[in-house]
Amino acid sequence: MTTQLDNMYRDLILDHYEHPRNCHELSNVNSSEEGFNPLCGDHVDINFEQKDGKITDISVCTKGCAICTASGSIMSDILKGHSVEETDRLVKEVKAYLKGERDIEISNWPPSLQALSGVRKFPIRIKCALLPWTTAELALQNQTKQK
Amino acid sequence: MTTQLDNMYRDLILDHYEHPRNCHELSNVNSSEEGFNPLCGDHVDINFEQKDGKITDISVCTKGCAICTASGSIMSDILKGHSVEETDRLVKEVKAYLKGERDIEISNWPPSLQALSGVRKFPIRIKCALLPWTTAELALQNQTKQK
Amino acid sequence: MLERFRKDFPVLENNPGLTYLDSAASTQKPAVVLEKMDHFYRFDYANIHRGLYNLSERATASYEAARTRIAEFIGTAVPESLVFTRNATESLNLIAATIGEQIVHKGDEIIVSVMEHHANFVPWQQLAARKDAKLKVVGIDRKTLELDMAALESAITGKTRFVCCTMASNVLGTTPNVAKISKLAKKHGALTVFDAAQFVPHHKLDISTFDPDFLVLSGHKMLAVDGFGVLYGKPEHLAAMPPYMTGGDMIENVTIEKTTYSEPPQKFEAGTPFMGGAISLHAAIDYLENIGLDRIQEHESALAKLADEKLRAIGKVKLYRKPEHIHNGILPFNIEGIHPHDVATILGDMDICVRAGHHCAQPLIHFMGEMAMVRASFYLYNTEKDVDRLIAGIQKTLEVFHK
Amino acid sequence: MLERFRKDFPVLENNPGLTYLDSAASTQKPAVVLEKMDHFYRFDYANIHRGLYNLSERATASYEAARTRIAEFIGTAVPESLVFTRNATESLNLIAATIGEQIVHKGDEIIVSVMEHHANFVPWQQLAARKDAKLKVVGIDRKTLELDMAALESAITGKTRFVCCTMASNVLGTTPNVAKISKLAKKHGALTVFDAAQFVPHHKLDISTFDPDFLVLSGHKMLAVDGFGVLYGKPEHLAAMPPYMTGGDMIENVTIEKTTYSEPPQKFEAGTPFMGGAISLHAAIDYLENIGLDRIQEHESALAKLADEKLRAIGKVKLYRKPEHIHNGILPFNIEGIHPHDVATILGDMDICVRAGHHCAQPLIHFMGEMAMVRASFYLYNTEKDVDRLIAGIQKTLEVFHK
Ligand SMILES: Cc1ncc(COP(=O)(O)O)c(C=O)c1O
Ligand SMILES: Cc1ncc(COP(=O)(O)O)c(C=O)c1O
């Protein structure tokens, strides 16, 4: 087995896959979106609770592959408590990084987020890692539009 | 130039091309048909005058290549005076011979008709030689149906 | 065994260590197929039809010889009943867009099986939607995974215009009884459309035994190159159908006011066709028949059964087919708790090529209660070593996921 | 001159004595194109899309690299605006059957030129008939053989939905002013469909200079193998258009009730595509640009002009193009009193390959008052010797017919 593969299926990723965080009912949903990846049949359901421009709670429920599930779970851990603006910036940064669009310094990212980097060596699986992020972005955009 | 080609463009053929016989008005048309060959744009117009099961007059007017024009002209010379049944048999024989469907003894054919044999070496041109004959056949069939 | 034929496949020679188990998606090509096609381009190439010179006559002859050979291969003596297309998908779309448009009306019914590839599902679903007709989906027996003939019998009525069914499921490998289906359809005046894309690489086909109205296949699934497919249609249907595409080589006469069309099959082959594809399928059929489809079927089934046995022994692997039903190389499975795409990625990393996902058969996958499946598909060039490597790969996958 | 490239073409090497003057029907293939395609099948072949292993990723990368290269070649930075088809004919049918069906209604108008190939004529004629719309046919100037721009200007109205025009006539070689046509169409809110099949082998194309709505081409007319064509569509059109064919690889989600489709270009590429064809066109473009289209155009025009001159000198030959208008290798002519098919047969017998007939452009041939024409078409691999052989062939033809 190649080290690239090892790198993608790190224990941290597998742990998030086996025990995805933050899939729960929210008392108050301010924005939501469903995402779908026809490649894997991955399906992700994202809900945000917001207050005063801050994400007060988030729910991410994934049915899918390890990469997508872990990515969504990691994301849910990180976004909680951030401002909507910060979130938007981070989502864009993660997307750009995964797609390899530009050089991005990730050493100041939370370690769990850094663990996603292994997927960059598997171009066809990048979509799996991206799905929760693009879905979150859409959810926040929808919400912005509604205002 | 190959002898096959020489054989196809015999003087007799060229003469029938330059001076096609029997393109004229009939006083009494009993059956007629137009034939069209999309390959060359060949067009042939055939009219029969019949009486008591005999072909009393025939008109064949062709706009087309040397092979088609000559074939129609030769045919017009031969069919006149034949019974409809004989004609039908001869048309079928000529078709089968040109298509190479079966061995046919042609030594008792009129020399002008034998001259058409050169076309057999040029499969793509066989259609040109066939057009007047298939059109004549259709004309006679139509007439039979009308009875 | 067929070991000695493996060396005929350059991709396998040029990628040492490759275990190619994705032949149901597309087969590799034997050198002789590539060489015959290459020879055509190096010696005989010209545009066919209407060329009044030897090169074009030779190209036309090769193209039409392929038609005759393919006709013989599927069991018809009428080469003109074969239309050349890009792939099975186009063949099916052609049927739906021509005779489908002609004969399906509001309130009519179209029957498909739940195990169709999207290519034999979506065109009918869309036709039904356009026409306000009803799409009836016939299920499969959950135990045997065979087509539910009883359900088909109760679904079919006098309003049924088409019965569209695969001859071999690309996911399950099951092979419906086409003779029965054909008979039933005829009784109700429905036309049959059989998708032989996945059948004909593995099983001897003889359409004269069940008289389909339409049948389709794809060259790239049977050792020919991609980009070339076939549509068989009964001559009387082809004669009555309007053309699908219009343009050069399919017209009889064009005036500004009006166009008249050529006879089939030219009527359905607008524009310059893929002559090289026809030649490659001709060569592929020669190659397949030289080995013998019986032997190929026997070989690939034996490998699939062996893999089935070894996977069962591992435990944790869910196998969908019963071993006694395996009679071709298609083997679908899943590992508990590991998504098929992760399985395929780990196998792929070890150069073991399998397919994972919905296999363009979402209705079936949902019917089976799954999100996706892994499919290993064996063909004539696979060996027991490929089985061993697959097993090693699955074991590795379990390790990675700490199972 | 380009003499040294002739040896790159195996058909010419393998058929000594062949004078191939039918490149406008289809070009011969350089060895490098055949080799790159062959290499693909021997090293990298697998079905693209959804394959989670290296071989499939490589195949996908090669296929998409071809898209990027072809996009660059025609002057767009958006590879997704290119849909891969079988040939120019399919590309045109696709347009007529999707957006054509969408936007043409009763009383609307479609404009075509009289010099269209049937592929860009019949689909519009049939669409107009289906929709009870009006097909307006714009003529050409009988002297210059150029498109009659004044006629086009007076034909176009606010009801015109499409202006469909060739960029180079396959019979006359004339090249309409697409920038003017495009501007005029935009002014009236009509969409443009340009047939570049005969233009792009000889002339540098840069769509950014005239911004067409749609444009089509065929690989086999520009050194690639047959069976592969391209449709360029503006991204906003492609996004709004319904799919043409449905099936695998073009869907997002299929349930028994409903199907949703992928984004363009996948939406229009149902089923397994012709990957080898894409790779061959990629290689062909590299080869063409390496020589330079300017040089090719110069070379072939010089040969056509030389032939023109020598044919005029014989007398009895009717030449349709004015020498000063020749700027590519297409040369139509007729011999008085000898049918074009007889001319081509005699030339063919001498291994001189020309085309005779209506060239899939019957409206034009009739407009010119002819039944048929002979067409010699020169390309980069032709030489002055080919011109000499053509002249000798014509002289022989006159002899045979005692002229
Ligand atoms: C101007 C023009 N358009 C369209 C076509 C059709 O090309 P294809 O047969 O490759 O679809 C041709 C080829 O003859 C052509 O010359
Ligand atoms: C059963 C079946 N039908 C149709 C198809 C579609 O074949 P193609 O992509 O060659 O059109 C496939 C290929 O995946 C298949 O397995």
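Chain letters run A, B, ... following the sequence lines, proteins first, then strands; residues in each count from 1.
Heavy atoms closer than 4.5 Å to chain D are found in the side chain of C:Phe121, but not in its backbone. When heavy atoms are compared at a cutoff of 4.5 Å, C:Val254 approaches chain D by way of both its backbone and its side chain. Using a 4.5 Å cut-off between heavy atoms, C:Ile256 contacts chain D through both its backbone and its side chain. In this structure, the portion of D:Ile48 lying under 4.5 Å from any heavy atom of chain C is its backbone and not its side chain. Interface remark: D:Arg42 contributes backbone and side-chain atoms alike to the contact with chain C (heavy atom separation under 4.5 Å). The parts of D:His341 that come within reach of chain C are both its backbone and its side chain, each placing non-hydrogen atoms under 4.5 angstrom from that chain. Only the backbone of D:Thr27 comes within less than 4.5 Å of a heavy atom in chain C; its side chain stays farther off.
Between chain D and the options C:Glu57, C:His366, C:Glu257, C:Met37, heavy-atom pairs under 4.5 Å are most frequent for C:Glu257. Of the residues considered (D:Ala270, D:Ala97, D:Gly348, D:Ala46), D:Ala270 shows the highest number of contacts with chain C, using heavy-atom pairs under 4.5 Å. Across C:Cys360, C:Pro273, C:Cys353, C:Gly51, the residue that shares the most heavy-atom pairs under 4.5 angstrom with chain D is C:Cys353. Interface remark: of the candidates C:Thr89, C:Val225, C:Asn93, C:Asn93 forms the most heavy-atom pairs closer than 4.5 Å to chain D. Of the listed residues (D:Asp38, D:Leu18, D:Leu92, D:Asn253), the greatest number of heavy-atom pairs within a distance under 4.5 Å of chain C belongs to D:Asn253. Highest contact tally toward chain D, considering only C:Thr272, C:Asn87, C:Leu94, is held by C:Thr272 [criterion: heavy-atom pairs under 4.5 Å].
D:Asn15 and C:Arg58 are linked by a side-chain donor-acceptor pair at a separation below 3.5 angstrom, with hydrogens and angles left out of the test. C:Gln125 and D:Thr259 share a side-chain donor-acceptor pair at under 3.5 Å.
For C:Phe367, the ring pair (Phe, Tyr, Trp, His ring centres under 6.0 Å) test picks out no residue, with sequence neighbours left out. Taking C:Phe84 as the reference, C:Tyr63, C:Phe228 meet the ring pair (Phe, Tyr, Trp, His ring centres under 6.0 Å) condition, with sequence neighbours excluded.
Between D:Tyr53 and C:Tyr20, the ring-plane angle classifies as perpendicular under the 30° and 60° cut-offs.
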Item to check | Derivation of the side-chain contact (heavy atoms from CB on, under 4.5 Å) call for D:Met245 and C:Tyr244 | outcome: CA-CA 11 Å; D:Met245 300 186 196; C:Tyr244 182 39; 3.4 Å; yes

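Minimum heavy-atom separation, D:Leu55 to C:Gln28: CD2-NE2, 3.8 Å.
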